[in-house]
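Source: prediction; values computed, not measured. So that the names make sense, note that chain A is the first sequence line, chain B the second, and so on, each numbered from 1.
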Number of protein chains: 2
Amino acid sequence: MSTQATPEIQAFAGLLRAHAATTRRFNAELVADHGLTLSDYEVLLRLARAPDRRLRRVDLAQQVLLTPSGITRLLAGLEHNGFVERVACQSDARVSYAQLTPDGLGKLRAASKTHVEGIRSLFGEHFTVGELESLSDLLGRLPVDDAGDDACEA
Amino acid sequence: MSTQATPEIQAFAGLLRAHAATTRRFNAELVADHGLTLSDYEVLLRLARAPDRRLRRVDLAQQVLLTPSGITRLLAGLEHNGFVERVACQSDARVSYAQLTPDGLGKLRAASKTHVEGIRSLFGEHFTVGELESLSDLLGRLPVDDAGDDACEA
DNA sequence: CGGATATACTTGAGTTGTCAACAATATAGC
DNA sequence: GCTATATTGTTGACAACTCAAGTATATCCG
C-alpha cells in the first residue's frame, strides 16, 4: 500500500509499456522480413536523409541515441552486409564517414515498405491524427541531455 | 528524400527518443544511488503491490514485460542480494513464487524515495497534470499483444 | 615549435536481455 | 489409469548494448 500513483509516475509507466510493446513488435517484424534490427533501420534511415548519404560516426551515434561504441559495432554489421561503406575524411584523419551504398538504399526502401505500413496501421488503429500530433508534441518535450557538454548555460 | 514524416511515424520516433532519454537517466540514477536497475526496481514494486508480496514468475514476467528467461536471471540477482526469496507452491510443484523479503521492501522504499522524486520533477517540469493524464491515456491505448494465446476472439 | 588538452573512434570485458531446447509437472480424453 | 498435450520454469548460446581504457589525430597556446 501507499505505493504511489501520481500522474507523473503513471505517465512514465505508460511510456515504458508502450515502448516495450511497440518496439518488440516492430523489431520482430523487421528481423523476420528483412533481417534488420530496428536500430539498423534507424541508422540506414538517418544516412539516407543526410547530405551525400553520409554521416560522421559521432553524429550518427547522437542521432540514434547510441554510444560511439555501439555505433562502431552496429556499423560493422551493416558494412559486412554491404549496406554501408567506411569512407575516410580528407580534412580530418580522425573521422571516418559512414556512407550509405546503393545496396543499402535498396534495402532501406524494401524494409520501409513493410515497416512504415506496420507503424501506420498500428498507430492509425488507435489514434486520430490530432491525437498523434499531441502525442508527438508531448513526447518531444522530454529532454535528451546527452552529456551536458554543450548544454552549458553561461 | 521522400522519406516519410507521417504523423504516425513521428509519434513512434518520439516514443523511441522519449524512452531512451528517460530510461537512461532514471536507470543511471537508480544504479548510482541504490545499485538497482530500473527493471529490478519494477520487479520489487510489483511484488510489493501483490497479495502476500509474492507472485508467480510467469505473472511477474508478464507484468514487467520480460520473458520468463529474463525473469529467472533478474531474480537470481535479487535473490543473491536477499531482496527476494524463492518459495515453492504447495498445490503445483511446477511453480515457484518470488517472495519479497523485508530487506527487499526496505530497499524498495529507500530507492523509491529518490526515484519517485526524480520522476515527479522531470515530468512535472515539462507537463501540466492535464497533459500527464492525456499522455497516459494515449500511451495506454497501444496494445501489448503478449503472444496471442488468450487473445482469442471467438 | 612543442606540450597539454580535446576529439574521433575502436576494443576488451561485462551486463541485460532474447530465443530455442529442455526437464518437470499438470490436465484432459479415452 | 495412461498417454497426449499444455504449462512452468531453467539453461546454453548468442545479440546488442554499455563503460572504461587505449590509440591516433587535431587544436590551442605559451
Side-chain angles (χ1 to χ4, degrees), chain A residues 16 19-21 23-32 35-43 54-81 84 86-98 146-150 152, chain B residues 16 19-21 23-25 27-28 30-32 35-43 54-81 84 86-98 146-150 152:
Chain A
L16 291 181
H19 174 266
T23 255
R24 207 169 275 211
R25 169 168 177 160
F26 293 132
N27 195 60
E29 264 178 33
L30 274 173
V31 169
L36 288 179
T37 296
L38 198 46
S39 293
D40 289 339
Y41 182 88
E42 291 290 319
V43 162
R54 70 168 62 169
L55 238 28
R56 299 190 321 161
R57 295 158 109 81
V58 148
D59 298 332
L60 199 44
Q62 210 164 26
Q63 289 193 24
V64 300
L65 270 336
L66 253 71
T67 58
S69 174
I71 281 292
T72 292
R73 275 155 173 139
L74 197 162
L75 285 179
L78 294 177
E79 283 159 9
H80 179 77
N81 285 307
V84 168
R86 164 187 302 259
V87 175
C89 173
Q90 299 287 312
S91 57
D92 187 335
R94 288 171 307 176
V95 347
S96 69
Y97 291 101
D146 255 342
D149 278 336
D150 52 346
C152 74
Chain B
L16 291 182
H19 175 266
T23 257
R24 209 169 276 213
R25 169 168 177 161
N27 195 59
L30 274 173
V31 170
L36 288 180
T37 296
L38 197 46
S39 292
D40 290 339
Y41 182 88
E42 291 290 319
V43 163
R54 70 168 61 169
L55 236 28
R56 299 191 318 162
R57 295 156 109 82
V58 148
D59 299 330
L60 198 46
Q62 210 164 25
Q63 290 192 24
V64 300
L65 269 339
L66 253 75
T67 59
S69 173
I71 282 292
T72 293
R73 271 150 177 144
L74 196 163
L75 285 179
L78 294 177
E79 283 159 9
H80 179 75
N81 285 307
V84 168
R86 166 187 301 259
V87 174
C89 173
Q90 298 287 311
S91 59
D92 187 335
R94 288 170 307 179
V95 347
S96 69
Y97 291 101
D146 257 341
D149 279 335
D150 52 348
C152 74

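- At whole-Å resolution of the value, CD in A:E42 and C1' in D:dC17 are 16 Å apart.
- Listed pair B:R86 / D:dT10 meets the phosphate criterion, a side-chain N or O lying under 4.0 Å from OP1 or OP2.
- Taking 4.0 angstrom as the limit, B:T72 places a side-chain polar atom (N or O) nearer than this to OP1 or OP2 of D:dT10.
- Atom OG1 of B:T72 sits about 7.5 Å away from atom CZ of B:R86, to the nearest 0.5 Å.
- Contact annotation: side chain of B:R57 to base of D:dT8, donor-acceptor pair absent below 3.5 Å.
- Between the OH atom in A:Y97 and the CG atom in A:L60 there is a gap of 13.0 Å [rounded to 0.5 Å].
- Rounded to an integer number of Å, the gap from CD of B:Q90 to C1' of C:dT25 is 15 Å.
- Summarising the geometry, atom CG belonging to A:L78 is positioned 7.5 Å from atom CG belonging to A:L36; distances are rounded to the nearest 0.5 Å.
- Note that the CD atom of A:Q62 and the CG atom of A:L55 stand 10.5 Å from one another [nearest 0.5 Å].
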Study note, to complete from the structure: Each nucleotide of nucleotides 15-23 of chain C classed B (base within 4.0 Å of a protein heavy atom), S (only sugar-phosphate) or -, in 5' to 3' order, makes -SSBB----
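- The interatomic distance linking A:Y97 (OH) with C:dC9 (C1') rounds to 14 Å, in whole Å.
- The NE2 atom of A:H19 lies 11.0 Å from the CG atom of B:L65; values are rounded to the nearest 0.5 Å.
- Within the 4.5 Å cutoff, the side chain of A:D40 has heavy atoms near those of the A:L74 side chain.
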